[in-house]
Structure formats: C-alpha cells, structure tokens
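Heads up: the structure comes next, in structure tokens.
Each chain gets a letter, A, B and so on, in the order its sequence line appears, and its residues count up from 1. Please read all numbers here as calculations on a predicted model, not as lab measurements.
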Amino acid sequence: MASNSDKAGKGSRKRMSSPEIDGPLKRIKSEDGENGETKYNPYLAHMGEYKDKKDGYSNGSRHPEGSPLHGFARRQTTAEQAFVAEDGDNNPFTGEPHSQQYFAILKSRRNLPVHKQRQEFLDLYHKTQILVFVGETGSGKTTQIPQYVLYDELPHLNKKLVACTQPRRVAAMSVAQRVADELDVNLGEEVGYSIRFEDKTGPRTILKYMTDGMLLREAMHDHEMSRYSCIILDEAHERTLATDILMALLKQVAKRRPDLKIIVMSATLDAQKFQRYFYDAPLLAVPGRTHPVEIFYTPEPEKDYVEAAIRTVLQIHAVEDEGDILLFLTGEEEIEDTCRKISLEVDEMIRETDCGPMKVYPLYGTLPPHQQQKIFEPAPPPSRKGGRPGRKCIISTNIAETSLTIDGIVYVVDPGFSKQKIYNPRIRVESLLVSAISRASAQQRAGRAGRTKPGKCFRLYTEDAFKNELIPQTYPEILRSNLSNTVLELKKLGVQDLVHFDLMDPPAPETMMRALEELNYLACLDDEGELTDLGSLASEFPLDPTLAVMLIHSPEFLCSNEILSITSLLSVPQVFVRPANKRREADEMKNHFRHADGDHLTLLNVYHAFKGVVNQGGDPKKWCHEHYLSYRHLSSADNVRMQLKRIMETYEIDLVSTDFHDKNYYTNIRRALVTGFFMQVAKKENNKVYRTMKDNNQAVMLHPSTVLQTDYDWVVYNEFVLTTKQYVRTVTGIRPEWLLELAPTYYDIDSWEGQPDVKQALKAVAEKKRRRDAMKAGR
DNA sequence: GAGCACTGC
C-alpha cells in the first residue's frame, strides 16, 4: 500500500488520507501518466487475479478493515450496508473525505420515493439477470438506481463499468453531473458521460451515462459489450430506434454472458409489455412524486383546434388563479401565428377588463437557443399595484413533452395533435404528418401541469375520443422509419438472421425488404444479404448509407475533400436562414453563393466562404448573420466534418481534391454525387414536373428554394419533401450517361420495368454513347 | 415560388 501513499497528492485529485482504501492497482494505473512509472507493481500483482477466480471478489476480503466497503461482497450487499458506507466520513470510491455538500444532498436523496425500496431493489437485482423497473416522474430512478447498482456491483474491483443510457445528449450530460455531485466526485472521473463529439470519461470511471446511440455504436465493435457488468436502459418507454435495437441485442448478449445484468427502466404505461418481452422478468414499481392534475374534456369535438386552443388560453387567463400556461401545437408556423393572435387578444383584454399581463413565448426545436432560454424568464408582475397577477404562456411543439421541462406550469392546454414522422415503404418516403397523439402522450402532457403544485389540463377533445379513439402508445420509431441505416447497423452488429431478430415490435416485412434492396443496390450487401467490405466500411460512418457510400467512392473522382464537406452539410439542419420579414434580402444573399449546376455545389461554396472567413481571422458569427446563414449549423457541420475526416483517416480513405482551376473540378463532384444518390434521381417530364425513378415513380417539382438554373433533364436530389405538393429538395443537375456508367445494375436497361419513357430515354443515351465510342475507336 | 415534430451516431 506504500506506493499508494507515495502517490498521494500527485494525482489530479488531492488525496487526503485513507491509503488503505481499496483499489491501489487502479489508482496507480490512472496516475502513471504523471511520471510515466509503475505501469505494473509486482507487490500488487495478486490483485489483478481476482478476475480469473470464479467468485474471487465476492467474498468481501477485497476491502480491508477500515475501508468503507469492508464486508461488501459483490452482488450480495444490503441496503443497510450501503447506508452505513454512504454515511461514512470517507468516500468509498475515492478515499477522500466527504464534503459538506455531499451530506446535504444525501439527505435530499433519502427523501426520494425510490429510497424506501432500495432493499427491495437489491433483492430482485440479486436474483435475476434482467429486471424491469418502473418509476414515474420524480421517483428519482435515473439518478439513484445507477448508484444503488454501484454499491452492489463494486465495478472498481473487476474493472467493468455500469452504463446508463439516455435518449438525449443533454440528459446524459446533466444527469451525469448531478450524480457526480451526489457521489462527491469530479465529473469525468468516477462518474462520466459519453455522447457524440464528447467522451467525458476516464480510467477511473465506474459509472457512465451515455446516449443509447452511443452504446449501439460501441456494440458494433464489441458485440459482447464486454466493458460492462451492468447496463441500464433508461426511458425505454420512449422506444427510440437505438433503444429498440439495444433491447433485442441485449436479449441475445444476456444468453451468452450470464454475468451481465440488465435493467430496463420505463414509465408505468406498458410495463407488462417490457416484462413479457424479457422472459417475464421481475418488475419493480416505484411511485412518482407529482401533484394531482385535474383533467377537463370538451363536451363536443372541436372543429378548429387552433381556434379552440386560443379561446381556452384566453379563458384560463381571464378566470383561473395564478400559474403559467403551456399549450401544445404542432409546428413552427402554427406556433408563431398563434403567439401573435394570443398577444393581440390579451392586449385587448387588458384594455377592456382588469386582467393581468401575459407574456407569450414560442418554443420549438429550430428556435435559436437564446430564444429558447426566454421561456425560463419569470412571469410578468401585475401591471399595477394590487392588480391581478401576470402569467406567461408557452406555446410549444412536442419538445416540451419530453425534452424540455418548465417548472411553474399549472395549466396545460392539449389539442391532441402533433407532427409525426411516417414512412411509406411503397414509395420509400418519410414524411411529417399532423396526427392524433396517443393516450400515453396525452398523459405525459397533462403531467407537465403538476410539477410544482396541483394543476389543470384542458383536453380539446371529448373523453370518449380519449378512451376510444386515441391509440394507447405512440408507434415506436422503428415502425415509422426507413430502415436502411438500421439494417446495415444490425448486419455490422453480427445479426445474421434479421427475420428472427427478436425486436419488441417487428417492422413491416416490406420495410425490411426495401432496406435490404436499397443496401444491395448500394453494394453494401451482396445478393445473399451478407455484409460486403463496402458495407462494413460504410457502417463505420455515422451517416445514411447513401452518404457513406458516396464518401467512400469520392477519392476515385478526386474530390473526397469536397464530398466530405457536402456530406457534412447534408447531415446538419438547413444552413440558409430565411426570416419571415426579410425573405427577399435572404434570397439575395443566397444568390451570392449560387452555383448554376445545383444546390450541392452551392452548399460547397457556402462552406468554402465560411472557412475562408474563419481562416482569415474574421468574425464568422457576424459574417453568418450578414449573409443569412446559420452560424450554429455551419459550425456543427464543421464538427461533423472533423469526425468524418478522422474516420476516413482511420480507414485510409484518401483525402484528395481536383485543382480548382481544372475544368473538371465541379464535374468530378457531380459524378461522385451519382455514386450515392443514383436512386434519388428525377427526370424532367415537362416544364415543371419531374418524375422519380423506378417503383418510386412520383411526379415531383423542384423545391422553390433550389438555385438550379441550367435546364437539366436529369437531377439527383437529397430529400423528398411531402407538404402541400411533392417536392425534391437540394438538387443538382447530372448527365444521364453517368447513371449508366456509375450505377449499371440499377440502370440496367434490359431488366428495366415500367416507366417506358425513362427506359426509352436511357436507351437513347446508351445508343448515343455507343456511337460516340465507336467513332472514337474508328478515328 | 415554399415551410421545418423530435432525437441520435
């Protein structure tokens, strides 16, 4: 142990005492970066052996007398033991004395509902491999359960981690910070988080919060998830694509790894479904801590939900007690519109009655962060002394249902609609549709009224509709998505038999077939459905297969630097900003970057200009503002670009450019686009209408935002947009002979079915090319 | 000549 005390004070954390604390081997390892010594200490060699002994670290002897964890046997601990250790002077995981703040937080932790059931939790945890845990909002499950697991798993002993997944990055980051505080450790040391672009964990990390997508990525290279001794899937009821795949995967891994424990945490609804899915796993339910919310329904269905919503909000403002209002609507335009209308109406009310002031705020995902922050401003004070209190009204998309929590909401107005993604496998198109929400969603919305005190929820539909028309749960994402990316991931994850892969809600066979077909055309899967080398490489990129394949092919066209930039820009939200009152100015600015051959090349021009400003030490923020570009999204594209570039370097994909003055500079890029987008091609039918290829076969128009000027008969497009009309967005002109040359399987004329005019046109192109080649040869 | 629910790698 002497070597440990020698080190005291040298590490990043000041070690005050307790050299006898367990884990010297670990500590030395983590600190040897300081002076480059003691990678291996022969006196401590025996401590590395416990791993090989079957039950070697469960006998308690690993924690010497005096250690807070003395007597703890892995997976045999009691809540009482943990309480004593938590109450101790020194932190069992770091050896440091506990801070004052620690004891203050500990007190509040013990008031959480979940605290009472710690022993019950441990009893179940000990006797089962998979556990379903159900806890309502406010139960403390997300912060406490992983800590209960830590005190029982003792992950510092077997060098395995406890992981807890979250659907969203912000949640992973903020919960990790909270738990680090609760455990009295520095974030990034014993407790860390891992999200895209940021890995805040270290050699000492024993508890890691991470996004579900991140764990899935890791699993692609470690099918056994061997770094973890316990995996906790939190918010499983949200049923993200990543969570669904992880659940199916973990079911398989659990069979191969009896030592791996799995906890699936969910909100109450549908708990039995999770239980059944996990072989009737035991279930532990913990009550939440929220205030009651009184629900009101309309007696008759409302014809116009926006109008009804406005009426309801004004009514609340006129007659209800103090408290803020949250109204759920479906999209940006609807929200901005309603904000204006309500503000005007309130102004009138103030003039005519003695009602208090009301601030109205919009809230949706694409709103810049500083404007999103405004919703947290306090409600306005009464307009005169002794007047009626003011309130704020937030008009929000679904973002306020799960992602953002606003305290102080007492009234919720729920018209019962949201925009939802749907996938039509027949024409391979994802689109957004305003649809009725589910009962689970309605309950979640109502719950937002009871966070700080008892609240009221006004549902703008009948009770009968709630009971009989709303579906119980929102369809999971996996049933509403194009699965090309997912299928490629599954193949990479080593799932051989997709048909029998045990997903909780298997997608439609047609959706699977479409994905397999698409991946086959992209040559990511061979004709037997096996992953090809190209497919394996493509799956390394956090991109849609189309983009990944294009990027991998791009060096052949001497433009991988440029395709890398374009790919990054296509992976972030629209970089062009178009404020409602300055559309003309914004469009004029956009024209500065216009490339006559299409939008992809225009994006590239924007990126080059942006980088030019950055590299010349200009003020990119100011420049973006002046040019109606989103600094946020351009920076994020730059971030994505760096990540993709690193992956390209790892797999030795050359980063090359054609000389800018070469006449083929842009042609090479357009040809490279075809290697990925050859299935997203539209051919001009008449002046306005284009038609997409093969069984997609849709009449589309070029989106009005396009800069494409030259009259191209053939275009590639990035996106199919279904709104009032069918549009293709982000389009670039191409030459049809490139299709025959670069995607010969897809554009095989002999096997071409349907679309006789397209077939005819392709035939003519092929014939022309043949003649030209013959002439060249004859010369 | 128009609109973009929300996440995630």
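If you check every strand for non-hydrogen atoms under 4.0 Å, A:K725 touches sugar and phosphate atoms only. Counting any heavy atom pair closer than 4.0 Å across all strands shown, A:D337 reaches no nucleic acid atom. Note on A:I195: only backbone sugar-phosphate atoms sit closer than 4.0 angstrom, heavy atoms only; bases stay farther off. Using a 4.0 Å heavy-atom criterion, one finds that A:F197 contacts no nucleic acid atom at all. Within the nucleic acid shown, A:T240 has no heavy atom closer than 4.0 Å to any nucleic acid atom. When heavy atoms are screened at a 4.0 angstrom cut-off, A:E333 is found touching base atoms of the nucleic acid.
Per the geometry, NZ belonging to A:K590 stands 16 Å off P belonging to B:dG1, to the nearest Å. Atom CD of A:Q574 is separated from atom P of B:dC4 by 11 Å (rounded to the nearest Å). For the pair A:K582 NZ and B:dG3 P, the computed distance is 23 Å after rounding to whole Å. Distance A:D234 CG to B:dG8 P: 15 Å, rounded to the nearest Å. The CG atom of A:D212 sits 13 Å away from the C1' atom of B:dC6 (whole-angstrom rounding). If you measure from atom CD of A:Q166 to atom P of B:dC9, you get 12 Å, rounded to the nearest angstrom. Rounding to whole angstrom units, CD of residue A:E477 and P of B:dT7 are separated by 12 Å. Rounded to whole Å, the distance from CD on A:E198 to C1' on B:dG8 is 16 Å.
Looking at A:R729, its side chain has no donor and acceptor atom pair within 3.5 Å of the base of B:dG3. A donor-acceptor contact under 3.5 angstrom links the side-chain atoms of A:R578 to the base of B:dA2.
Of the candidate nucleotides B:dC6, B:dC4, B:dG3, B:dC6 has the atom nearest to the side chain of A:T397. Here B:dG8 is the nucleotide among B:dG3, B:dA5, B:dG8 with the atom lying nearest to any side-chain atom of A:N485. Here B:dT7 is the nucleotide among B:dT7, B:dA2, B:dA5 with the atom lying nearest to any side-chain atom of A:R168. For A:R196, the side-chain atoms get nearest to B:dC9 when compared with the rest of B:dA2, B:dC9, B:dT7. When distances are taken from the side chain of A:Y727 to each of B:dC9, B:dC6, B:dG1, the shortest belongs to B:dG1. Taking the side chain of A:K688 as heavy atoms from C-beta on, and the options B:dG1, B:dC4, B:dC6, the nearest nucleotide is B:dG1. Closest approach to the A:R169 side chain among B:dA5, B:dG3, B:dC9 is made by B:dC9 (side chain taken as heavy atoms from C-beta onward). Taking every side-chain heavy atom of A:I399 into account, B:dT7 is the closest of B:dG8, B:dT7, B:dA5. When each of B:dA5, B:dG3, B:dG1 is scored by its nearest atom to the side-chain atoms of A:P704, the top-ranked nucleotide is B:dG1.
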Enumerate, atom names and distances included, each donor-acceptor pair closer than 3.5 Å involving a side-chain atom of residues 429-437 of chain A, sequence neighbours excluded.
{"residue": "A:E430", "atom": "OE2", "partner": "A:N482", "partner atom": "N", "Å": "3.0"}
{"residue": "A:S435", "atom": "OG", "partner": "A:L433", "partner atom": "O", "Å": "3.0"}

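Of the two residues near DNA chain B, A:T366 and A:S571, the one whose nearest nucleotide lies more 5' is A:T366.
Counted by atom type alone, A:Y193 and A:E198 present one or more donor-acceptor pairs between their side chains at under 3.5 Å.
For A:D414 and A:R448, the salt-bridge test fails: no basic side-chain N is under 4.0 Å from an acidic carboxylate O. Comment: A:R514 does not engage A:E518 in a salt bridge, judged by the lack of any side-chain N to carboxylate O separation of less than 4.0 angstrom. The existence of a salt bridge linking A:D337 and A:K341 is confirmed by a sub-4.0 Å separation between a basic side-chain nitrogen and an acidic carboxylate oxygen.
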> Under the side-chain hydrogen bond (donor to acceptor under 3.5 Å, both in side chains) criterion, do A:E401 and A:S441 qualify, and how do the steps go?
Replying inline: CA-CA 8 Å; A:E401 199 180 293; A:S441 202; 2.6 Å; yes

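Tested against A:Y717, the residues A:V700, A:T692, A:T730 include a single side-chain contact (heavy atoms from CB on, under 4.5 Å) partner, A:T692.
Under 4.0 angstrom from either OP1 or OP2 of B:dC9 there lies at least one side-chain N or O belonging to A:T211.
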